[in-house]
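Both backbone and side-chain heavy atoms feed into the values below; hydrogens, waters and symmetry mates do not. Proteins come first, then strands; the chains are lettered A, B, ... in the order of their sequence lines, and each starts at number 1.
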Amino acid sequence: MDRIKFLGDVKIRPTLIQLLNLGMIICSALMIWKGLMCITGCESPVVVVLTGSMEPGFKRGDILFLHMNKEPIRAGEIVVYNVDGRDIPIVHRVIKAHERRDTGEIDILTKGDNNQVDDITLYSGGQLWLNRHHIIGRAIGYLPYVGYLTIIMTEMPIVKYLLIGVLALLVITSEE
Amino acid sequence: MHSAVQRANTAATIAAILLATICAAASFLDAFNSPSLQAHVQVVKINRFRRQLDGNDEVKMTLKMSMDLTSLFTWNTKQVFVFLAAEYETDTNSLNQVSLWDHIVQEKERASFQVKVPTKYPLIDQGTNLRGKKVGLVLHWHIMPISGRMIQGKMPLSNFSLPDSYTTRS
């Protein structure tokens with residue numbers, strides 16, 4: 001009887017607790033992400049490999065762990081860089097490095113292991129070299145396949161909406 | 001008591017934790033591998049040494065290399081990327097590293113070999129400093145695992161000096 005009478009009031013508290021739980025989960029995830037950003041020194045400490053240009057080492061859907069520090073960039077390192085004016089970062093290997101004696105600035109040329117030619121055509125305009133400020137991070141570790149879900153979600157957004165919908169449903173309807 | 005969803009959730013979580021632990025352990029054990037590799041490189045011939053149209057020196061050569069990379073492989077190794085870099089310094093640049101040749105070794109059985117090849121990438125300077133220049137040849141390798149941390153290493157091999165004058169007119 002009471003439940004039906006104060007239908008409005010009774011429902012508020014559990015719902016608020018549910019929302020709070022959801023908020024806590026989201027905040028924890030954000031904290032971990034930002035914490036990783038601080039530790040690794042990169043804006044995006046984890047990236048997903050999108051193309052086959054580094055095969056057979058990295059395949060589409062693999063995850064790379066990045067790290068960035070003040071150490072000079074040297075040939076052979078696998079770096080992730082952004083070309084001016086493009087958002088999608090590229091993961092390739094440094095094949096040439098020229099370090100200026102006076103400024104310490106470095107000119108870098110990269111190439112994908114599986115590509116026939118180097119990346120000079122990818123750099124914007126008449127740019128011949130990459131510099132340190134283009135580099136987001138160095139790839140230091142690797143996990144296979146895990147990122148494939150991200151690729152599926154990007155290329156078929158319906159999967160993303162489905163997943164979020166199902167997760168939201170589970171959180172709202174769960175008793176705990 | 002326990003719904004199917006709860007059981008699936010628990011099973012999936014445990015599976016994920018186990019997988020992550022195995023990956024971490026595999027990568028951790030890689031650190032204990034102390035490789036002892038041997039390599040030798042020799043410049044057989046300078047095929048072309050000229051000044052390009054844009055003003056930079058360019059060198060192409062034929063190299064004879066032999067190397068044994070088997071000790072780099074562990075059971076967690078997917079491939080070893082090996083490349084030979086020409087390293088030298090100039091008045092304007094404190095370090096120049098130019099990759100001349102690279103190769104991917106995917107199997108331990110194929111990790112010991114000899115090749116005589118022309119350089120894959122030309123040695124191009126930022127300027128015209130290469131005449132008579134002493135260049136060091138350094139072998140670099142990058143061990144790419146099945147999962148986990150990637151390991152880099154290098155070993156300086158021989159030095160050689162470029163000729164005092166261009167061999168081809170530009």
Bottom line for R93(A): the part with an atom under 4.5 Å from chain B's heavy atoms is side chain

If one checks every heavy atom of L95(B) against chain A at 4.5 Å, the contacting part turns out to be both

From the list L84(B), L139(B), V44(B), side-chain contact (heavy atoms from CB on, under 4.5 Å) partner of M65(B) resolves to L84(B)

Bottom line for S27(B): the part with an atom under 4.5 Å from chain A's heavy atoms is neither

Query raised in the report: Between F83(B) and H140(B), does the ring centroid distance fall short of 6.0 Å?
Result: yes

If one checks every heavy atom of E105(A) against chain B at 4.5 Å, the contacting part turns out to be neither

Applying a strict 4.5 Å limit to non-hydrogen atoms, the region of I140(A) in contact with chain B is backbone

Working note: Q126(B) + D107(A), criterion side-chain hydrogen bond (donor to acceptor under 3.5 Å, both in side chains); need CA distance, chi angles, decisive distance, verdict.
CA-CA 10 Å; Q126(B) 285 186 328; D107(A) 287 337; 2.8 Å; yes

Under 4.5 Å to a heavy atom of chain A? For Q106(B) that would be side chain

Honestly, the part of P72(A) sitting under 4.5 Å from a heavy atom of chain B is neither

Go through the steps for N93(B) and R100(A) under the test side-chain hydrogen bond (donor to acceptor under 3.5 Å, both in side chains), then give the verdict. CA-CA 4 Å; N93(B) 292 348; R100(A) 280 246 178 309; 3.2 Å; yes

Whatever's closer than 4.5 Å to a heavy atom in chain A on L100(B) counts as neither

Ring centres under 6.0 angstrom apart (F58(A), Y142(A))
yes

Cluster check M144(B), V80(A): I/L/V/M/F/W/Y, side chain < 4.5 angstrom: yes

